[in-house]
Amino acid sequence: IASFRAEDTSRSDALEALAASWADEGPIDLPIGPLSESESLVLAERLLGEPRHARTIARESRGHPFFLRELVRHVQAGGAADQVTLEDVVAARVAQLSAPAQRLLEVVSLAGRITEVAALSAAAIDEQEARAQVGVLRAANLVRGHPARGREELEPYHNRIRETVVARLDERTRAGHHRRIATALEVAGDADPEALAVHFRGAGDLDRARRHAIRAAERSVEALAFDSAASMYRMALELEPDAELTRTLQWSLGDALTNAGRGAAAAKAYFAAAE
């Protein structure tokens, strides 16, 4: 019996190996979705030992058992109960971390998904304590890791954790992390140009962000991923190119939209290029 997240189906080395060993009839899949409102309420009451605050916790958990348990622990530890939010719980957990662990969590949250080596480099954590910090975050269910292409990758345990951590970063800290992430990805040598474009834009380096956005668009065109190419050409146009480059990008955007079957949008790009 194995459990896994749906998004891991196409990116997990372990699942690929398991699938290759299955018999002809294949596995029996049991999709497990979020708890219903009534199920969440029952679980909250059982964990609390009383009905008080159970409805608030059940509603805030949005059917996720892990978050429901964390909300219960927060209340049992003396935290506010009547208006408790998951964001409050996550913020309280993060505040208890050491400075290096907080910095690593911030980097992983901004990156969304990043190799462990690049994450540690971007967080500027001393190598001797680096592995310990990863272990702390994993044990706290704030990040999770999995092997990909022979390397360990880290990502936030859940999107709500990522959103909470990122929302609490000030602009200066956020820009600094973006720059360190972009630099670490460049040093790694095989970074996705779209990720580089996003992080250099976040760091305020528009020239490098534009260059990587164009490269990402061209790579998408080669892969016949024309919607993705159009998205990256639009990003490049938002990054203040000069007039001649703007004309070229509008024309390339029109071509990508044409190939994606978006004729009306392509026409607007071509008219913009002509103007």
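Keep in mind that what you see is a predicted model, and the values were worked out from it rather than measured.
Salt bridge absent: R103 and E106 never bring a charged side-chain N and a carboxylate O closer than 4.0 Å.
Figure legend: cation-pi geometry between R262 and Y270 absent, as NZ or CZ is not positioned both under 6.0 Å from the six-membered ring centre and within 45° of its axis.
Remark: side-chain polar atoms of Q102 are paired, donor with acceptor, to backbone N or O of V94 under 3.5 angstrom. Checking side-chain atoms of T248 against main-chain N and O of E244 turns up a donor-acceptor pair under 3.5 Å. Using modelled atom types, no side-chain atom of S121 and backbone atom of V117 make a donor-acceptor pair closer than 3.5 Å. Listed for the E60 side chain is a donor-acceptor partner under 3.5 Å among the backbone atoms of L86. With hydrogens and angles disregarded, a donor-acceptor distance shorter than 3.5 Å links the side chain of Q76 to the backbone of L47. At least one donor-acceptor pair closer than 3.5 Å links the side chain of R174 to the backbone N or O of V166. One N or O on the side chain of R93 and one on the backbone of A140 form a donor-acceptor pair closer than 3.5 Å. Checking side-chain atoms of R162 against main-chain N and O of G112 turns up no donor-acceptor pair under 3.5 Å.
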Exercise. Evaluate side chain to side chain contact (heavy atoms under 4.5 Å, CB included) for L142 paired with L97, printing each intermediate quantity in order.
Key: CA-CA 11 Å; L142 292 170; L97 298 172; 3.9 Å; yes
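Residue L224 qualifies as enclosed at atom CG: its count of foreign heavy atoms under 6.0 Å is above 12. When the shell of 6.0 Å around CD of E37 is examined, it contains 12 or fewer heavy atoms from other residues, nucleotides or ligands. For R138, the CZ atom counts as densely surrounded, since its 6.0 Å shell holds more than 12 non-hydrogen atoms of other residues, nucleotides or ligands.
Summarising the geometry of L154 relative to G145, their closest heavy-atom pair is CD2-CA, 4.1 Å, with the distance given to 0.1 Å.
Inspection of the R180 and H177 side chains reveals an N or O donor paired with an N or O acceptor under 3.5 Å.
You'll find the ring centres of H158 and F67 inside the 6.0 Å limit.
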